[in-house]
Amino acid sequence: LVSWTALLNAFAQRGELHRAEKLFEGMKERTLVSCNIMLAAYGQTSCLEQATRLFQLMQRWDLISWNTMLAAYTQHGRLGEAKQLFDSMPERSLASWTTMLGACAQSARLEEAKSLFDRMQLWDLVAWNAMLSAYAQSGYLEEARRMFESMKERNLISYTAMLSAYAQNNQLWEAMSVFESMECRNQVSWNAMLSAYAENGHLQEAKSVFSGMEDRSVASWNSLVTAYAHNKRVASAIRTFHEMKQTAEPDDISLVCMLRACIHTGNVDAGRQAFVSMVLDYRLQPTKQHYSCMIDLLAKGGYIVDARELIATMPFVPE
RNA sequence: CCUCGCACUAUGG
């Protein structure tokens, strides 16, 4: 049973939702642990409905179930429901508090995030990191820096968060020095450095970080596409988008990067092709954001009729 | 023994 559970988890972690579902449905006894795994699997993908349904169907819940459901809400931006759940939970752990803290930060409620942090009974490294990123994401560079300096322990995540905080505030030198002071680095920290250069107008350095990387994630490719587009090298951006497909799986963000690059130069055909190909070849479900990019692209390229038609036929209510 | 919270990429704020 334990190894079946481990297998279920492996599917869930890799985003193989359908395999996980099949396995879960075939399991004779559904333990609390396997329910929790499915709950997390639904929560991390765009299946909030399934998550809530499973949560309601479950016979028993433990702290992990509550926390997982809480995270499912916050990952879908449902702060209200998350709060409700948080308040009605029979018990809370550090993870519960940290989840809420992050949710507040993401909804631009820094004050609430800070107040949660202050009301926590104890703090661990994850909680400190969450507060550090809360400051960083809200543009409070000085507070972030102070928190970083005052932390008694730091890990890779602390450093990476601080690095991008500097980068986003145009402090490339500070970002570089954080990067250099790191005792170990992983793909995420390299990506952070790559976009630090790109955001601060150093395309050449960004490119050399990219080519020096051992393995590149979608995020690395997306950063490079954007870096080219921001430097008006749209042809290179488009070429990079296609090149990515050989080694990585483009995602929803990749398409946005690509479409925005096309908007820059009014490259309607390339954008159209990318949109269609992402839907057909990668089974991407286009979001509102994708449609609004496409409409922007068509309209700016002079295809007013096509833009109108897209507005009329898209599966979203126009705003 | 297996399951939960924090860092990188788009847009917006």
Side-chain angles (χ1 to χ4, degrees), chain A residues 1-10 12-13 31-41 43-44 62-72 74-75 92-103 105-109 120 123-134 136-139 154-165 167-168 179 182 185-196 198-199 206 210 216-227 229-230 244 248 250-261 263 287-290 292-293 296:
Chain A
L1 179 65
V2 171
S3 39
W4 278 37
T5 312
L7 184 61
L8 178 68
N9 189 41
Q13 299 281 7
T31 60
L32 189 51
V33 172
S34 57
C35 288
N36 286 344
I37 293 172
M38 278 313 294
L39 199 57
Q44 282 157 6
D62 64 1
L63 189 51
I64 295 190
S65 325
W66 300 104
N67 286 343
T68 306
M69 193 61 230
L70 194 64
T74 64
Q75 277 157 25
R92 299 173 193 95
S93 64
L94 259 172
S96 335
W97 286 88
T98 311
T99 302
M100 286 307 297
L101 195 167
Q106 283 193 320
S107 315
R109 296 165 186 259
M120 289 167 72
W123 300 266
D124 64 0
L125 184 52
V126 176
W128 283 87
N129 283 341
M131 195 61 228
L132 168 62
S133 331
Q137 287 159 5
S138 312
R154 300 174 190 138
N155 62 8
L156 188 55
I157 294 188
S158 330
Y159 281 91
T160 310
M162 197 60 231
L163 191 168
S164 25
Q168 279 159 13
F179 187 72
M182 291 170 72
R185 301 175 183 109
N186 67 4
Q187 192 185 59
V188 174
S189 44
W190 280 98
N191 282 343
M193 198 58 235
L194 158 55
S195 46
E199 284 173 312
F210 182 85
R216 296 153 189 144
S217 66
V218 207
S220 330
W221 286 97
N222 291 347
S223 299
L224 191 63
V225 171
T226 304
H230 284 172
M244 148 171 34
D251 62 7
D252 51 330
I253 296 184
S254 315
L255 181 58
V256 178
C257 298
M258 171 65 172
L259 293 177
R260 299 208 67 84
I263 289 170
T287 62
K288 272 204 284 271
Q289 197 179 16
H290 294 124
S292 92
C293 284
D296 202 9

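Chain letters run A, B, ... following the sequence lines, proteins first, then strands; residues in each count from 1.
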> Do A:Ser217 and A:Ser220 have side-chain atoms, one donor and one acceptor, less than 3.5 Å apart?
Replying inline: yes
Mind checking [X] for me? I need base, sugar-phosphate or nothing, with any heavy atom below 4.0 Å counting as a touch.
X: A:Ala130; value: sugar-phosphate
X: A:Asn155; value: nothing
X: A:Leu94; value: base

In whole Å, what is the span from the [atom1] atom of [X] to the [atom2] atom of [N]?
X: A:Leu132; N: B:A7; atom1: CG; atom2: P; value: 10 Å
X: A:Trp128; N: B:A7; atom1: CH2; atom2: C1'; value: 17 Å
X: A:Trp4; N: B:C1; atom1: CH2; atom2: P; value: 22 Å

> Do the side chain of A:Asp124 and the base of B:G5 come within less than 3.5 angstrom through a donor-acceptor pair of N or O atoms?
Replying inline: yes
>> Could you check whether the side chain of A:Thr98 and the base of B:G5 have a donor-acceptor pair of N or O atoms closer than 3.5 Å, going by distance alone?
In response: yes
>> Quick one: does any side-chain atom of A:Arg260 pair with a main-chain N or O of A:Thr226 as donor and acceptor, under 3.5 Å?
In response: no
>> Donor-acceptor check, side chain of A:His290 to backbone of A:Asp252, threshold 3.5 angstrom: yes or no?
In response: yes
> Which of residues 32-41 of chain A have a heavy atom under 4.0 Å from RNA chain B?
Replying inline: A:Val33, A:Asn36, A:Ile37
> Which pair of non-hydrogen atoms, one from A:Val256 and one from A:Cys293, has the smallest distance, and what is that distance?
Replying inline: CG1-SG, 4.3 Å
> Sequence neighbours excluded, which residues qualify as ring-ring contact (aromatic ring centres under 6.0 Å, His included) partners of A:Trp97?
Replying inline: A:Phe86
> From B:C4, B:C6, B:C2, pick the nucleotide closest to the side chain of A:Val126?
Replying inline: B:C6
> In this structure, which one of A:Ile157, A:Thr160, A:Thr98 forms a side-chain contact (heavy atoms from CB on, under 4.5 Å) with A:Asn129?
Replying inline: A:Ile157
>> Using a 4.0 Å heavy-atom cut-off to protein, can you give one letter per nucleotide of nucleotides 8-13 of chain B, 5' to 3': B if the base is in contact, S if only the sugar-phosphate is, - if neither?
In response: BBBB--
> Just how far is it from atom CG of A:Leu101 to atom OG1 of A:Thr74, taken to the nearest 0.5 Å?
Replying inline: 11.0 Å
> So, do A:Phe210 and A:Trp221 have ring centers that fall under 6.0 Å from each other?
Replying inline: yes
> Want to settle it: does A:Ala6 or A:Leu156 sit nearer the 5' end of RNA chain B, counting the closest nucleotide to each?
Replying inline: A:Ala6
> Got more than 12 heavy atoms from elsewhere within 6.0 Å of CH2, A:Trp4?
Replying inline: no
